[in-house]
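These notes are about the structure you will find just below.
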Amino acid sequence: GRILIPPHTTFSSNYRRHGRGARPVMQCHDPLSFALICASCFFVWGDQNLMAPNLSQIAACFKFDDAERDAKLGGQLSVAFFLLGLPATLIIGLLCDVVQRKQVLVATLLLGQGPCLLTIFVTQFWQLFVLRALTGIAVGGALPLVYSITGDLFPKSSRTHASALVGIVSSLGSMTGQGIAGFMGPSYGWRLPFVVVAAPGLCVAFLVWRFAEEPKRGGAEGSRAVMDYVRPGEKDSAFEHIASKTSSSKSSSSKEVSETERNAPPPSITFGSLLKDFAKKSKSVFARKTNVLVFLQGIPGCVPWSIIGVFMNDYLAVDKGLGVTAATAVLMCFGAGALFGTIGGGFVGQSLYNRQPFYATAFMGAAAVGGIFPWLFLVDYDGYDVGNAGSMRRVYLTATFAGCLCSVTGVNVRAVTVNVNKHHERGTAFAFFNLTDDLGKGFGPVLCAFLIRKMGRQRAFDFGFWCWVPCGVLCVLCGFTVPHDEARVRREARTLGENSGDGTSETAALLGGGDKMV
């Protein structure tokens, strides 16, 4: 779609003009900030698969046998990368609902790229374990931040497109990082790719700190009285207090605010108040059935993704005899297909969603189940031959097709999550979303390492890919709950705007609202 950026455009009026079922129009409140967010995603996700192409080389460096390679480099490091960062992910999700999200994003980038850069000095397994755990915290924490900010940069009618763009650059980052590791690793060693990815990522962190701006919280919902910006340290409960206050004074008194009230300091933050606020938001998030279904689908749905990201490159290189370079090329074809699937799946999903949300969720579920079969072919195929052009062409096309199918669910399920959560609860919602994703990604390789010992790599991977079946079923079930949850969010946002009446200036004054906050 085309990008329309008229000055001072209100998203609510645009939504009424286009409405559900009309041709979607891509809109963004702040294109520069969104571009920097996308650049951040590129490098954060670029760290994720840097080990996969050279798993056997790393095992040789630490003198691991094949069983230790799968158990330690595949299983234990996945636990470090995905599971040990879960508490930090929840904390970051909470913080991005109550403080300036840009600063948290910068800190997250530094936390991810710094340890990635230090990998060049690793000589022992425990050092790699610690550094990958720190990088995993950044990867996990980036998700609630990115989608919380993106939800405030785009209206509902464009959020699937925005989610698609974020998914594209994330896939590009993951694919680029894996490609750098695969093509550089055999010649320059497995450590150097970490430096090549981390160094420009640190530069992006500086650009975000210097040029990105904090978007309006809820500015894309169309409420006239949604606060413009939240200063660091301010709680959303203050916003709720002001909304109720202005509701009870819609008469002339709401137009005249005393100087004392206008200059009242924001509520102070304590650890107890943060926990209370988090508990309140968590209760609200889990009260929406769509959220529960979305969180649950992530656990089985991420098991196949963990196989692809952790084991598949090495499996094709060693077990199927392709070598690191050719195996990396197969995974890059999968990544290229994922890009097309993200773009096409995002636009098709948005079009279906604008007509009827159930159509979009059914599309997600069908794509998830359909992605099983090309991967079963790649796992079980015995005709791999680098010297046979026909055989490799078949493999490359199958991998590309697998990418097209497998990427559809991710881009659409994130947009659905944005739509069914209030603007000041999206960070919390995506923290839980990422938590369940990480449970799947963390326990998936551990489960596979256990199954590999029992039945070998091929049968273990076959079993793992069938986990997309319950994922697809849960996605379809979301179609029955989305309309109610989405209408509830719109109703609450509209009520808030109506209750504010003429008290917009009071709200802005008490919450520190302004034109910009950098």
Side-chain angles (χ1 to χ4, degrees), residues 15 20 86 89-90 93-94 96-97 143-144 147-148 150-152 155-157 159-160 162-163 218 220-221 236 240 277-303 345-346 349-350 352-369 408-440 467-496:
Y15 180 82
R20 173 170 287 175
L86 290 182
T89 299
L90 292 175
L94 168 62
C96 73
D97 280 338
L143 187 86
Y147 284 97
S148 174
T150 301
D152 287 333
K156 188 194 72 171
S157 58
R159 283 175 187 153
T160 302
S163 178
E221 306 300 338
D236 286 311
E240 296 167 0
D277 195 53
F278 178 72
K280 179 181 178 181
K281 291 176 181 177
S282 299
K283 181 179 179 180
S284 178
V285 166
F286 279 95
R288 300 182 182 93
K289 295 179 181 179
T290 303
N291 285 332
V292 176
L293 293 172
V294 165
F295 299 157
L296 289 176
Q297 65 82 31
I299 298 175
C302 285
V303 172
Q350 181 71 71
L352 293 173
Y353 191 94
N354 288 345
R355 288 175 174 83
Q356 179 61 247
F358 180 81
Y359 298 159
T361 59
F363 176 55
M364 291 156 47
V369 176
V408 167
T409 302
V411 63
N412 286 284
V413 77
R414 287 169 172 82
V416 168
T417 305
V418 171
N419 288 340
V420 299
N421 288 283
K422 292 179 285 188
H423 62 87
H424 61 283
E425 294 174 350
R426 286 174 187 148
T428 303
F430 273 101
F432 283 110
F433 179 97
N434 201 56
L435 185 149
T436 53
D437 265 19
D438 283 355
L439 284 174
C467 289
W468 267 328
V469 171
C471 169
V473 172
L474 290 168
C475 285
V476 173
L477 292 178
C478 287
F480 297 101
T481 62
V482 167
H484 175 268
D485 292 336
E486 182 193 289
R488 177 180 173 183
V489 171
R490 289 202 309 270
R491 184 169 58 253
E492 290 172 351
R494 185 167 55 250
T495 301
L496 181 60

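Listed here is the closest heavy atom pair of T409 and C475: CG2-SG, 3.7 Å. Taking each heavy atom of C471 and A368 in turn, the nearest pair found is SG-CB, 4.3 Å. Smallest separation of non-hydrogen atoms from V420 and E486: CG1-N, 4.2 Å. Pairing each heavy atom of N412 with each of Q350, the nearest pair is OD1-N, 4.2 Å. In plain terms, the two heavy atoms of P300 and C467 that are nearest each other are O-CB, 3.3 Å.
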Would you sort out whether Y359 and Y353 count as a ring pair (Phe, Tyr, Trp, His ring centres under 6.0 Å), showing the intermediate values?
CA-CA 6 Å; Y359 298 159; Y353 191 94; over 10 Å; no
Passes side chain to side chain contact (heavy atoms under 4.5 Å, CB included), T417 versus F433? Steps please.
CA-CA 9 Å; T417 305; F433 179 97; 4.0 Å; yes
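In this structure, the side chains of V489 and R288 come closer than 4.5 Å at one or more pairs of heavy atoms. Looking at heavy atoms from C-beta onward, V482 lies in side-chain contact with V416 at the 4.5 angstrom threshold. You'll find the side chain of F358 stays beyond 4.5 Å of the side chain of L352, heavy atoms only. Residues N291 and N421 have side chains in contact (heavy-atom distance under 4.5 Å, counting atoms from C-beta outward). The closest side-chain heavy-atom distance from S284 to K422 is below 4.5 Å.
With respect to E425 and K280, no salt bridge is recorded, no charged nitrogen being found less than 4.0 Å from a carboxylate O.
Aromatic rings of F295 and F286 (six-membered ring for Trp) have centroids within the 6.0 Å cut-off, being under it.
Atom OG1 of T150 sits about 11.5 Å away from atom CZ of R414, to the nearest 0.5 Å. Atom CG in L477 sits 6.0 Å away from atom CG in L293 (nearest 0.5 Å).
Side chain of T361 to main chain of C478: no donor-acceptor pair is present (N/O by atom type, distance under 3.5 Å, no hydrogens or angles).
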